[in-house]
Amino acid sequence: MAAVGGPDRGAGLSADLAALLAGPVVPAARGLLGCLLHAGGVTVRLTEVEAYAGVGADPASHAHRGQTPRNEVMFGPPGHLYVYFTYGMHWCANVVCGPAGEAAAVLLRAGEVVAGETLARQRRPGARAARELARGPARLTTVLGIDGGANGAYLLDPAGPIHLRPPTTATGRIRSGPRVGVANGHDTQWRFWLDGEPTVTPYRRHVPRRRAG
DNA sequence: AGTAGGATAATCT
DNA sequence: GATTATCCTACTG
């Protein structure tokens, strides 16, 4: 799919962000690129995201088979954080999109640490280059100190402990491709990233894990 | 550079 | 009981 969209000049207002998140998930995902997510004393500029649709529409979505205790937040109003635990050790964070009742969300895959780098490095002792700090969905939550306790947090209150702000600088060109690591729906090119950003993760296809023994 | 395997537990069937 | 929207280490070249 060809890259679409030019530079987004001028920082939008928080009201614009709320309207964006209340709309369809794909434009919302694109609009989240370049936004600043602040949590735990660290600020990250989002460089890579993935869109997930609601019930029945997207086999890769956690909401595909309907509401469960885990994905409950996805069914609520937009602008909240959906956090889930996976692979026995990793937390991943999503921004809920669309009107309440429609369970769409945008997975935050990677970002650039723009503030609080000292704290970020303390949380990720193994990281060497700065670009590695929040390069990957579980790394991003680690750097921000996000875990299950942040599930459901409202992101559009600038005074909140975890909040999202519109871009302060022009965002670059947006590119798109297949989503990373999903078992189904890999034909849908719902991964979006900022062209040329070093913090974007390399694409990896889903590889089924064979059980031991 | 790229690939392979292990870690480790909530969630859903 | 199988699967998982991942990451790290170790190995090969």
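The sequence lines fix the lettering, A, B, ..., with proteins before strands; numbering per chain opens at 1. Any value given below was found using the heavy atoms of this structure, including those in side chains, with hydrogens, waters and symmetry copies removed. Predicted, not measured: the structure shown is a model, and the values here were computed from it.
Residue T68(A) places at least one side-chain N or O closer than 4.0 Å to OP1 or OP2 of dC12(B). Here H206(A) reaches the OP1 or OP2 of dT4(C): one of its side-chain N or O atoms lies under 4.0 Å away. An OP1 or OP2 oxygen of dA5(C) is reached within less than 4.0 angstrom by no side-chain nitrogen or oxygen of R191(A).
Picking from dT6(C), dA5(C), dA9(B) the nucleotide with the shortest atom distance to the side chain of F85(A) gives dA9(B). When each of dA5(C), dA10(B), dT6(C) is scored by its nearest atom to the side-chain atoms of H62(A), the top-ranked nucleotide is dA5(C). Side chain of R65(A), nearest nucleotide from dT13(B), dA5(C), dA9(B): dT13(B). When distances run from any side-chain atom of R70(A) to the nucleotides dT11(B), dT13(B), dT6(C), the shortest one goes to dT11(B). In this structure, the nucleotide among dA7(B), dT13(B), dA5(C) sitting nearest to the side chain of M89(A) is dA7(B).
Ring pair Y154(A)/H80(A) is tilted by interplanar angle, where 30° to 60° counts as tilted.
Contact annotation for A60(A): base contact, defined as any heavy-atom pair under 4.0 Å involving a base atom.
Judged by the 6.0 Å distance and 45° axis criteria, R179(A) is not positioned over the aromatic ring of Y203(A).
For Q67(A) and dC12(B), the CD to C1' distance is 15 Å, given to the nearest whole Å. When the P atom of dT6(C) is taken as reference, atom CG of L108(A) falls 13 Å away, rounded to whole Å. Between R109(A) atom CZ and dC7(C) atom C1' the separation is 11 Å, expressed in whole Å. The CD-P distance, from E50(A) to dT4(C), rounds to 15 Å in whole Å. Atom pair R135(A):CZ and dC7(C):P shows a separation of 11 Å (rounding to whole Å applied). Atom CG of N151(A) and atom P of dA10(B) are 15 Å apart (whole Å). The interatomic distance linking H64(A) (NE2) with dT4(C) (P) rounds to 14 Å, in whole Å.
L32(A) contributes atom CG, which lies 11.0 Å from atom CG of L107(A) (distance to the nearest 0.5 angstrom). For the atom pair W91(A) CH2 and T142(A) OG1, the distance stands at 11.0 Å (nearest 0.5 Å).
Checked against the 6.0 Å centroid criterion, the rings of Y84(A) and H62(A) qualify as a close aromatic pair.
Ion pair E112(A)/R131(A) not flagged as a salt bridge, since none of the NZ, NE, NH1 or NH2 atoms sits closer than 4.0 Å to an Asp/Glu carboxylate oxygen. Look at R124(A) and E132(A) and you find no salt bridge, because none of the NZ, NE, NH1 or NH2 atoms lies under 4.0 Å from a carboxylate O.
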Would you give a per-nucleotide map of nucleotides 8-13 of chain C, 5' to 3', where B means the base has a protein non-hydrogen atom under 4.0 Å away, S means only the sugar-phosphate does, and - means neither?
S-----
Which dot-bracket string fits DNA chain B when only Watson-Crick or G-U wobble pairs with both atom distances under 3.5 Å count, crossing pairs get [ ], and | stands for a partner on a different strand?
.||||||.||||.
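Residue-nucleotide stacking is present for Y87(A) and dT4(C), judged by a side-chain ring centre under 5.5 Å from the six-membered base ring centre and planes under 30° apart. Both geometric conditions, a ring-centre gap below 5.5 Å and a plane tilt below 30°, are fulfilled for Y52(A) over the base of dA5(C).
Not one N or O on the side chain of R121(A) forms a donor-acceptor pair closer than 3.5 Å with the backbone of E117(A).
Just one residue in the list R175(A), R135(A), R109(A) forms a side chain to side chain donor-acceptor pair (under 3.5 Å) with E48(A), and that residue is R109(A).
Evaluation of atom-type donor-acceptor distances gives a pair under 3.5 Å for the side chain of Y84(A) against the base of dA5(C).
The ring pair (Phe, Tyr, Trp, His ring centres under 6.0 Å) check on H64(A) picks up nothing, with sequence neighbours excluded.
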